[in-house]
Amino acid sequence: MAELTQSTRYDPSAIEARWYETWRDRGYFHPDAGEGAAPYTIVMPPPNVTGVLHMGHALNNTIQDALIRQRRMAGRRALYLPGTDHAGIATQNVVERELAEEGRTRDDLGREAFVERVWEWKERYGGEIYDQLEKLGVSCDWGRARFTMDPGLSRAVREVFVRLYEDGLIYRGKYIINWCPRCRTALSDEEAEKHEQAGKLWFVRYPLADGEGGLVVATTRPETMLGDTAVAVHPEDERYAHLVGKTAILPLVGRELPIVADDFVDPEFGTGAVKVTPAHDPNDFEMGERHALERVDVLEPDATMSEAAGGYAGLDRYEARKRIVDDLEDRGRLEKVEAHEHAVGRCYRCDTVVEPRLSDQWFVKMKPLAAPALEAWREGTLSFTPERWGKVYEHWLENVRDWCISRQIWWGHRIPVWTCGEGHEFAAREDPDVCPECGSERLEQDPDVLDTWFSSWLWPFSTLGWPEETEDLQTFYPTDTLVTASEILFFWVARMVMAGYYCMDECPFSDVVINGTVRDHLGRRMSKSLGNGIDPRAVIDEHGADALRYTLLASAPTGTDLNLAIEDFEMGRNFANKLWNATRFVSIQLPETFEPLPREKLAGHPAVTDAERWILHRLDETTRTATARAEAFRLNDAALAIYDFLWHDFCDWTIEWSKAHLEGDRGELVRSVLVAVLERSLRLLHPIMPFVTEELWQRLPEACRTGESIVVAPWPEARGWDFPAATESMALARAVIAAIRNLRAEYRVEPGRRAPATVVAAEPEAREQLERHADDIARLAASSGVQVLAEAPREEGTVSQVVEGHVEVSVRLADLVDLERERERLDGEIARTRSLLEASRAKLANEQFVEKAPAEVVEREREKQEDLERAVERLGSLRAALGE
RNA sequence: GGGCGGUUAGCUCAGUCGGUCAGAGUGCCUGCCUCACAUGCAGGAGGUCGCUGGUUCGAAUCCAGCACCGCCCACCA
């Protein structure tokens, strides 16, 4: 164990894969269902099967894994359930592109062969993301991994669909939906992303049928005018009151358009008169319903103009727009054109501008499902971190609209609705042979498939076996924490809560933790097209998974976006390396047969000093902080607290301090403390940096740890090591050391040259503390000896500082001292201290302050004033000794 | 149009209850290969906490307004 030949560089590549296999093979990630310890469950937001691990996944999964590992160590039965999503449109697109390269289309293959082909693709590439997640070190239960199109999950989808259908919560109808002309499918409102875009507003004059004047309407999509079946104005708009009931003529087409009055119209916008196109605009559709208007569909599914467009038939929508504008202009119907910024929907998969289109689609009624989901948030059954996301969730649910769930693609769960030759329509859990109503064998299944999210929203329970009453479901549902990005709060989180209540009558999780978006150092979203993405796999290859995980967690306050540059990951790498070397140092000190003192004997050991007590005190403090922060989902705070403790307290001070105490009477105690602190620190850090902590933990003597792996070692608890006096005394010692070092550096003392130092303190208590530490202070400050005195002897050739207000630290530098410079330095110091003192005095002279501020604050201010007074005094006498 | 978030050191960001909160990492400057670690050690410079008011004994912190950046929602064609 104590080989001195070990490399001074930590090499993660040598150990990560090995440990991962060991953990997995030993079953640490696989909790049993049934009776046992309290479960803790996280279901992984399933990445798309087409997905490649990106920084967003890395962050999301690191957070989840850190939570899972911490709770597992704390004794919970932790289940981290992984899986992938079939991602209907995305996956179909990938395979269609593959086919395109072969010069074929999905229609060439036909539905069955195409779906077969997608399955082949899935079998071949769908597992890649699992390998990448393993490299990240996530402690998922791979034996329970699920895919949204597994037989079990497909059964769950069917079951829910049929239940909703039977409950009257699913309906089919002709409505305006978002249509992607490239994917040739409907999209949900959430899938049609709105983007502000510069466009134009065309003002077109529609003449009246009776030949008397006309009225001007404004439109952003002139091509849709071919489908106009009315013109609308506001009922109270006096400008147009006389026209209501009359008829206008549609230019270019000649169709007669009734002029109707409708509340929807905003008199302030445009001209206050609106062309109504029920087949191509959701509002116009509703107006069409209200006024029983005809619907004229002028577009084909691929966004070319249909037969109904007359002379424009066959043209692409934008080509048609151009021609129509030209033609209107030619005929003098175009009044004017204005620049106009407006929101345009685009397909979230291919970025094509979506077209509002009239078609037959399936919908889920959301209002009844939303009610319990709202209730859960309002009652506190469901919490969000950060809390503000709860309001976003609430607002969406309050305004939720029905969910369009049918997609005109082939890859996905086919809608389980059949129609028989007699026209009977029914939904069925099992593929039917005959119509249940009339026995007809001529059955036809609806050709559409379900929105991918229709399977994702069941994820927390479908993955556990639902609709079967499995042991897993009983044990691990409801789950505990859901960690996800804010982008899918509506797509996924809100709908999961609805499904949870609808199917299980219970909220599917108690906490939703929203993680931030990973951006580049300029704050731009990482994306393929910008080429600014940092590949987490490359970071793992270069620095190790622990470095990636630490950097991500430390840089990511919960819910805040993080801007990262590639160099930032060196922070994690350096920390892992620091740990490696600290452990090397401790190991080297331990004989092969080392038996550490029992932990309960450390703090009360006869040979114990402030140095040991202080680090034990800090260890307890850090343990409490790390635990509280991990429980509150504040992993960045936990990570930073452990980092600070290990690097700056343990390595910078305790290890350095210990070097003179490793042998002799105190040796056994000091070594026991070192190993105890290190061992517990490794456990604290394990959820964040699993690999390096395991590797190092295993290198500690067996008697210093419990169990065969740190993965299943107990989460640390504070032991009541509470030593404020030792903490204070060490703070003074460290301040004195820092002062001597500072004086040496200022005077450019050669590193090899040692100089005697004097520490003057009036208080006997302070002197006593310093006396005890004199040798260590001298050693760590490169001094030949430290003398502790009550009175200051004024010697020539010394330079001084005052620390903690009342302690004077002097170093004899003889020939190196530049009197002039020392006078200046002290004058500066005196001026600074005086101004602080003045401020403090002014504060205390303020009656209001003394009266109204809490006694504790006033007391602290008094102490501060005293310290400053003494400091000014001491500095003054130092200065006086230097003459003019 | 509505809502939310951000603005703190050159850079990336912490800062919970208003009073030891002017902090970290990185970068920069000085000096060190000191027997765990140069992926390191020691020392140092660097900020009017976006702007303007207000509340308060006291404001980076609370309130209002403003400016800039970003996100989400939205059926004004």
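Letters A, B, ... are given to chains in the order of the sequence lines, protein chains preceding strands, and every chain is numbered from 1.
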Mind checking if [X] touches a base, just sugar-phosphate, or nothing, with heavy atoms under 4.0 Å?
X: A:His280; answer: nothing
X: A:Arg744; answer: nothing
X: A:His234; answer: nothing
X: A:Arg741; answer: sugar-phosphate
X: A:Phe490; answer: sugar-phosphate
X: A:Arg221; answer: nothing
X: A:Leu489; answer: nothing
X: A:Trp202; answer: nothing
X: A:Glu656; answer: base
X: A:Asp568; answer: nothing
X: A:Pro854; answer: base
X: A:Asp284; answer: nothing
X: A:Thr277; answer: nothing
X: A:His543; answer: nothing

Nearest-Å distance, [atom1] ([X]) to [atom2] ([N])?
X: A:Leu678; N: B:rC37; atom1: CG; atom2: C1'; result: 14 Å
X: A:Leu635; N: B:rA14; atom1: CG; atom2: P; result: 15 Å
X: A:Glu289; N: B:rC75; atom1: CD; atom2: P; result: 18 Å
X: A:Asn574; N: B:rA38; atom1: CG; atom2: C1'; result: 11 Å
X: A:Arg860; N: B:rG19; atom1: CZ; atom2: P; result: 9 Å
X: A:Glu847; N: B:rC57; atom1: CD; atom2: C1'; result: 11 Å
X: A:Asn581; N: B:rA36; atom1: CG; atom2: P; result: 10 Å

Just N and O in the side chain of [X]: are any of them under 4.0 Å from OP1 or OP2 of [N]?
X: A:Lys578; N: B:rG25; value: no
X: A:Lys659; N: B:rA36; value: yes
X: A:Asn399; N: B:rA74; value: no
X: A:Asn563; N: B:rC13; value: yes
X: A:Arg401; N: B:rC75; value: yes
X: A:His340; N: B:rA77; value: yes
X: A:Arg388; N: B:rC4; value: no

Given the [atom1] atoms of [N] and [M], what is the spacing between them in whole Å?
N: B:rG31; M: B:rG23; atom1: P; value: 27 Å
N: B:rC75; M: B:rG6; atom1: C1'; value: 31 Å
N: B:rG1; M: B:rC66; atom1: P; value: 13 Å
N: B:rC28; M: B:rC68; atom1: P; value: 35 Å

Residues [X] and [Y] bridged, charged N to O under 4.0 Å:
X: A:Asp867; Y: A:Lys864; answer: no
X: A:Glu656; Y: A:Lys659; answer: yes
X: A:Glu695; Y: A:Arg699; answer: yes
X: A:Arg753; Y: A:Glu750; answer: no

- [ ] Please tell me which of A:Ser486 and A:Ala554 maps to the more 5' nucleotide of RNA chain B, matching each residue to the nucleotide holding its nearest heavy atom.
- [x] A:Ala554

Task: Whichever of A:Pro267 and A:Asp189 has its nearest RNA chain B nucleotide further upstream toward 5' - done: A:Asp189

- [ ] For the side chain of A:Trp647, starting at C-beta, report the closest nucleotide among B:rG40, B:rG31, B:rA36.
- [x] B:rG40

Task: Polar pair under 3.5 Å, donor/acceptor by atom type, side chain A:Arg748, base B:rU30 - done: no

- [ ] Would you confirm whether the ring centroid of A:Tyr393 sits within less than 6.0 angstrom of the ring centroid of A:Phe490?
- [x] no

TODO: Start with the C-alpha distance between A:Trp389 and A:Phe384, add both sets of side-chain angles, then the distance that settles ring pair (Phe, Tyr, Trp, His ring centres under 6.0 Å), and finish with yes or no.
DONE: CA-CA 6 Å; A:Trp389 289 106; A:Phe384 288 84; 8.6 Å; no

Open item on the list: Any non-hydrogen side-chain atom of A:Ile740 less than 4.5 Å from a side-chain atom of A:Leu780?
Closed with: no

